[in-house]
Amino acid sequence: MNTTNNNNNNTLLFQITKEELIRDFEQVVYKVLEQMQLNQVSKNEKEFYTRDETAKLLDVSLTTLFHWNNDGTLTNTKIGKRVYYSKKEVLARLNP
């Protein structure tokens, strides 16, 4: 890596190889992705859970969710062809 320092305007120029640039860029991208994941986990702002997420949280089968939906124990919301359960209802079921 070659550096040039021009004292007149305080500009520092670097010469780096393509591989070094790619490596540095990847490191920046990984750091940004890590931060985004941390922010997502810490927010926990999810309003709806999928069927699989709901079943896992409540430790029940998908069949049980189906029956609960039919008997009104837990109601779902359909968005397009997908089925979701509200966070509020799922959490209420977790803490009866």
Side-chain angles (χ1 to χ4, degrees):
M1 181 183 323
N2 296 331
T3 62
T4 303
N5 192 355
N6 183 344
N7 290 330
N8 293 337
N9 60 11
N10 293 327
T11 302
L12 186 62
L13 300 175
F14 289 92
Q15 280 188 326
I16 61 174
T17 66
K18 177 182 171 184
E19 290 77 19
E20 289 173 319
L21 178 62
I22 291 171
R23 185 196 69 227
D24 291 347
F25 183 73
E26 286 175 344
Q27 288 175 348
V28 169
V29 169
Y30 286 131
K31 285 181 183 179
V32 169
L33 288 174
E34 270 183 13
Q35 190 60 44
M36 289 173 62
Q37 288 174 340
L38 288 173
N39 288 342
Q40 184 65 27
V41 169
S42 66
K43 284 182 184 178
N44 200 14
E45 296 281 333
K46 199 171 202 178
E47 291 183 39
F48 292 95
Y49 294 117
T50 64
R51 291 174 57 226
D52 289 334
E53 290 170 331
T54 303
K56 189 173 182 178
L57 283 168
L58 298 176
D59 195 27
V60 296
S61 69
L62 294 175
T63 304
T64 300
L65 282 182
F66 175 79
H67 290 296
W68 284 355
N69 186 61
N70 285 343
D71 68 15
T73 302
L74 193 64
T75 58
N76 66 27
T77 302
K78 289 187 178 182
I79 301 175
K81 293 182 179 182
R82 297 186 178 259
V83 175
Y84 296 93
Y85 293 88
S86 78
K87 176 182 179 178
K88 185 177 179 179
E89 251 191 281
V90 172
L91 293 179
R93 184 75 183 156
L94 276 173
N95 304 313

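Residue indices begin at 1 and follow the sequence shown. The structure displayed is predicted, hence computed values, not measured ones.
Under the 4.5 Å side-chain heavy-atom criterion for grouping Ile, Leu, Val, Met, Phe, Trp and Tyr, Ile16 is not connected to Ile22 through any hydrophobic cluster. No continuous path of hydrophobic side-chain contacts links Trp68 to Phe66 [ILVMFWY only; heavy atoms under 4.5 Å].
In this view, Thr77 satisfies the side chain to side chain donor-acceptor pair (under 3.5 Å) rule with no residue, not counting sequence neighbours. Asn70 meets the side chain to side chain donor-acceptor pair (under 3.5 Å) test with no other residue; sequence neighbours excluded.
Here the CD-CZ distance, from Glu19 to Arg23, works out to 10.0 Å after rounding to the nearest 0.5 Å. Rounded to the nearest 0.5 Å, atoms CD (Glu20) and CD (Gln15) are 10.5 Å apart. Expressed to the nearest 0.5 Å, how far CZ of Phe25 lies from CG of Leu21 amounts to 8.5 Å. To the nearest 0.5 Å, atoms OH (Tyr85) and CZ (Arg93) are separated by 12.0 Å.
Judged purely by atom type and a 3.5 angstrom limit, Glu89 has no side-chain atom pairing as donor or acceptor with the backbone of Ser86.
Remark: of the listed residues Thr54, Val90, Ile79, Ile79 is the sole one forming a side chain to side chain contact (heavy atoms under 4.5 Å, CB included) with Tyr84. Put simply, the residue from Leu74, Asn76, Val83 that forms a side chain to side chain contact (heavy atoms under 4.5 Å, CB included) with Leu65 is Leu74. Of the listed residues (Asn69, Asp71, Thr75), just one forms a side-chain hydrogen bond (donor to acceptor under 3.5 Å, both in side chains) with Thr73, and that residue is Asp71.
Under 3.5 Å, the side chains of Asp52 and Thr50 contain no donor-acceptor pair of N or O atoms.
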